[in-house]
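Here is the structure we will look at, set down as structure tokens.
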Amino acid sequence: MNDLENNNVENGLNNFITEIIDNDIANNKNNGAVITRFPPEPNGYLHIGHAQAIWLNFSIAKKFGGKCHLRMDDTNPEKESIEYANAIQEDVKWLGWDWNDDLYFASDYYQQLYNYAIELISSGKAYVCDLSPDEFREYKGTLKEPGRPSPFRNRSVEENLTLFEEMKNGKYADGEKCLRAKIDMEHPNILMRDPAIYRIRRAHHYRTLDKWCIYPIYDFAHPLEDAIENITHSICTLEFEVHRPLYNWFVENTSVKATPQQIEFSRLDLSGTMMSKRKLLQLVEEGVVAGWDDPRMPTVSGLRRRGYTPEAINNFCEKAGITKFKGIIDLSLLEHCVREDLNKHASRYLAVMNPLKVTISNWEEGRVDILEGVNNPEDETAGTREIPFSKHLYIDRNDFMENAPKKFFRLSEGREVRLRYAYYITCDEVIKDENGEVIELICSYDPESRGGKSPDGRRVKGTIHWVSVEHAAKAEVRLYDRLFATERPGTDDAVDFHSELNSESLTVVDAYLEPALANSDVTKTVQFERQGYFCKDKDSTAEKIIFNRTASLRDSWAKKKK
RNA sequence: UACCCCAUGGUGUAAUGGUAGCACAAGUGGUUUUGGUCCACUUAGUUAAGGUUCGAGUCCUUAUGGGGUAACCA
């Protein structure tokens, strides 16, 4: 392994883009500088796909000793808001990235962009066009047929200058005129056929308010924004590939000094969910989910509320990889990443979600024993906690079975199990109600087995979780599953994506928590032993504790049963 | 077929003309006071056909399949 490879392995970052940058640096392009940017439009919340773009741009900056700008690409006042702009910043920060002083807004460049437009007009490379949007489209041609020149294509520089200034000054109605780059109406790439670069839109902008009634269009604005900020590598997703000639055209035909390079990669796609901001917005507006931060949403804020950690998300972004191949990542990789992180860091607690009453027949009423539980077997420094034990307990209903098969290592009449950190108990009697449903178990405990082992060293295979009824706190637990039942929801236009929703994406149950969990102010995601990872939801009140299930534990027993 | 892009196990991703590797998933076994974790092992891959070469996943040609692009959105 050579030094370069070694270096890349240590950085955990090596893909076709870093190879391009390696070459650029070897050739001393940009004097070896690397400046990237993450340029979201503040028209929605960030999702896991954005998280990968963020991870990519910031990691590249870090790897090459450069920097990464955060830029709000806010050139469309009709869809953007301060709420979104703020949420984006919060999410990027939470993911662990620091843009230092490099926070920018495209809207701060409006005057500069206007000046570059004048430059293009002055050099005969842009003109004001009076075609209506319909006519504009018609003149543009189709994918297979060339376009025709606009009748306004050959206006004089002076006339264009005057008209453009009048556009800016509000002389014309919205859509009455637009400014177009003069390139080639017969170009095989339809984007090069005199694209519009400024439109008239009397919309209130959340930052520039009503100062402007003309707004620059992405294809014109973006390369110039990049150049203004001295971006060296402008990384974007695949659908902009055909825009690259246009991107370069604006860099080459204006007086900007920098020569940013656009590089496209395949956006991250996850099975069982969708990344369309428009459709996610629809789910929010229709109330299908509880908001952008609903724990079932693939948004950064949704994952945060679900109990995911930034480490898990960034690891996932890295493991998913960067290529130009448009694939779909299995949700199980994301789940693996969160379990991997949480297994190392989450404190363990006992909580019973599906309670079945257990009475210890040979335990005195009122007697309480305080036992010691290990907080995290993966981390000795996490310490221990006290767990009260008494005559009346709850165990999980799934941990009892009548006529259990031999491989069932839990409780059944006449069988013995270990209560985690407590005692061995044997089920002596099963009490049922008039419907024949099991409502209580009468068990006897072995006083010699305190702490979960007995002096005779007998083997008790099963260990189950429990809580003491009188010490337990009741809580609500929200069990989340994938939002959609299909692998690729929303990809078939003939299918309404609502029909692909998973009707069981949310199940609400009651749970009984051991006191150490109920009394602590948990802010981190914890493990309910043998069940999964859970975090306290923001809907919790002093009276009502609410937990969200982040992810279940792997369950090889459940698999075996199938 | 107007132009552009892409194609490696089920999924994602390495291999930069020289032994097709890794991760997830799936499965088998072991350890275990979480049927978790951990450990070991197994299954499974270069879209096709030509060409260049001592040697091709990699380079060339063609075919096939998939995707993107015709907003005064980004």
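The figures that follow rest on heavy atoms only: side chains count, while hydrogens, waters and symmetry mates do not. In what follows, chains carry the letters A, B, and so on, assigned in the order in which the sequence lines appear, proteins first and then strands, with residues in each chain numbered from 1.
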Is A/Tyr215 touching bases, backbone alone, or none of the nucleic acid, heavy atoms closer than 4.0 Å? nothing

In whole angstroms, how far is the P atom of B/C22 from the CG atom of A/Leu333? 17 Å

Identify, with sequence neighbours excluded, every residue that meets side-chain hydrogen bond (donor to acceptor under 3.5 Å, both in side chains) alongside A/His243. A/Asp219

Separation between the C1' atoms of B/C38 and B/U31, rounded to whole Å: 8 Å

List the steps and the verdict of side-chain contact (heavy atoms from CB on, under 4.5 Å) for A/Trp557 and A/Phe409. CA-CA 10 Å; A/Trp557 169 244; A/Phe409 304 134; over 6 Å; no

Taking the P atom in each of B/A15 and B/U37, what is the distance between them to the nearest angstrom? 30 Å

Nearest whole Å is fine: how far is B/G12 P from A/Phe265 CZ? 16 Å

Under the salt bridge (charged side-chain N to carboxylate O under 4.0 Å, His left out) rule, collect the residues that match up with A/Arg137, sequence neighbours excluded. A/Asp134

Say we look at B/G29 and B/C22: how far apart would their C1' atoms be, to the nearest angstrom? 23 Å

Watson-Crick or G-U pairs under 3.5 Å in RNA chain B, rendered as dot-bracket with [ ] for crossing pairs and | for another strand: .((((((..((((....[..)))).(((((.......)))))....(((((..]....))))))))))).....

Ion pair present between A/Lys277 and A/Glu41, side-chain N to carboxylate O less than 4.0 angstrom? no

Give me the distance, rounded to whole Å, that separates B/A70 from B/G55 when you measure between the C1' atoms they each carry. 47 Å

Give a yes-or-no answer on whether the side chains of A/Gln261 and A/Tyr247 include a donor-acceptor pair shorter than 3.5 Å. no

Rounded to the nearest angstrom, tell me the gap between atom CD in A/Glu335 and atom C1' in B/U11. 14 Å

Distance, C1' atom - from B/G18 to B/U53, rounded to whole angstrom: 12 Å

Across the strands shown, which category fits A/Ile328 at heavy-atom distances under 4.0 angstrom: base, sugar-phosphate, nothing? sugar-phosphate

Taking side chain to side chain contact (heavy atoms under 4.5 Å, CB included) as the criterion, tell me which of A/Ile395, A/Leu356, A/Asp399, A/Asp396 meets it with A/Leu411. A/Ile395

If the condition is ring-ring contact (aromatic ring centres under 6.0 Å, His included), which residues does A/His336 pass it with, not counting sequence neighbours? none

Separation of atom CG in A/Asn14 from atom P in B/C22, rounded to whole Å: 17 Å

In whole angstrom, what separates A/Glu145's CD from B/A2's P? 10 Å

Looking only at heavy atoms, which two atoms of A/Val128 and A/Phe152 are closest? And how far apart? O-CB, 3.7 Å

Would you kindly give the NZ-to-P distance between A/Lys453 and B/U32, to the nearest whole Å? 14 Å

Using atom CG of A/Asp269 as one end and atom P of B/U13 as the other, report the distance to the nearest whole Å. 12 Å

For residues 447-461 of chain A, which residue pairs qualify under salt bridge (charged side-chain N to carboxylate O under 4.0 Å, His left out), counting only residues two or more places apart or in two chains? A/Asp369-A/Arg450, A/Glu416-A/Arg458, A/Asp446-A/Arg458, A/Asp456-A/Arg458

Tabulate protein N/O versus nucleotide N/O from nucleotides 63-65 of chain B, keeping only pairs under 3.5 Å, one per line.
none

Of the listed nucleotides B/A23, B/U16, B/C6, the one nearest the side chain of A/Lys319: B/A23

Apply salt bridge (charged side-chain N to carboxylate O under 4.0 Å, His left out) to A/Arg278 and list each qualifying residue two or more places apart in sequence or on a separate chain. none

Sticking with atom C1', work out how far B/U11 lies from B/A49, rounded to a whole angstrom. 28 Å

Pick the P atom in B/G27 and in B/U43, then give their distance to the nearest Å. 16 Å

5' precedence on RNA chain B between A/Gly452 and A/Glu19 (nearest-nucleotide basis): A/Glu19

Of all residues at least two apart in sequence or in a different chain, which pass the salt bridge (charged side-chain N to carboxylate O under 4.0 Å, His left out) check with A/Lys182? none

By side-chain hydrogen bond (donor to acceptor under 3.5 Å, both in side chains), A/Arg155 pairs with (sequence neighbours left out) A/Asp130

Please give the distance between the C1' atoms of B/U13 and B/A44 as a whole number of Å. 16 Å

Could you tell me whether A/Arg37 and A/Glu225 make a salt bridge, using a distance below 4.0 angstrom between a side-chain N and a carboxylate O? no

In this structure, how many angstroms lie between the P atom of B/U11 and the CZ atom of A/Phe325, rounded? 8 Å

Could you check A/Arg153, A/His187, A/Arg180 and say which one makes a side chain to side chain donor-acceptor pair (under 3.5 Å) with A/Asp194? A/Arg153

Give A/Thr323 one of three labels, base, sugar-phosphate or nothing, depending on what nucleic acid heavy atoms sit under 4.0 Å from its own. sugar-phosphate

What does nucleotides 34-47 of chain B look like as a protein-contact string, B for base, S for sugar-phosphate only, - for none, at under 4.0 angstrom between heavy atoms? BBBS----------

Its contact letters, B for base, S for sugar-phosphate only and - for none at protein heavy atoms under 4.0 Å, make nucleotides 66-74 of chain B read -SBBBSBSB

Set of residues satisfying salt bridge (charged side-chain N to carboxylate O under 4.0 Å, His left out) with respect to A/Glu138, sequence neighbours excluded: A/Arg148

Starting at the 5' end of RNA chain B, which residue's closest nucleotide do you reach first, A/Arg450 or A/Ile329? A/Ile329

Only one of A/Arg339, A/Gln527, A/Arg549 passes side chain to side chain donor-acceptor pair (under 3.5 Å) with A/Tyr533, and that residue is A/Gln527

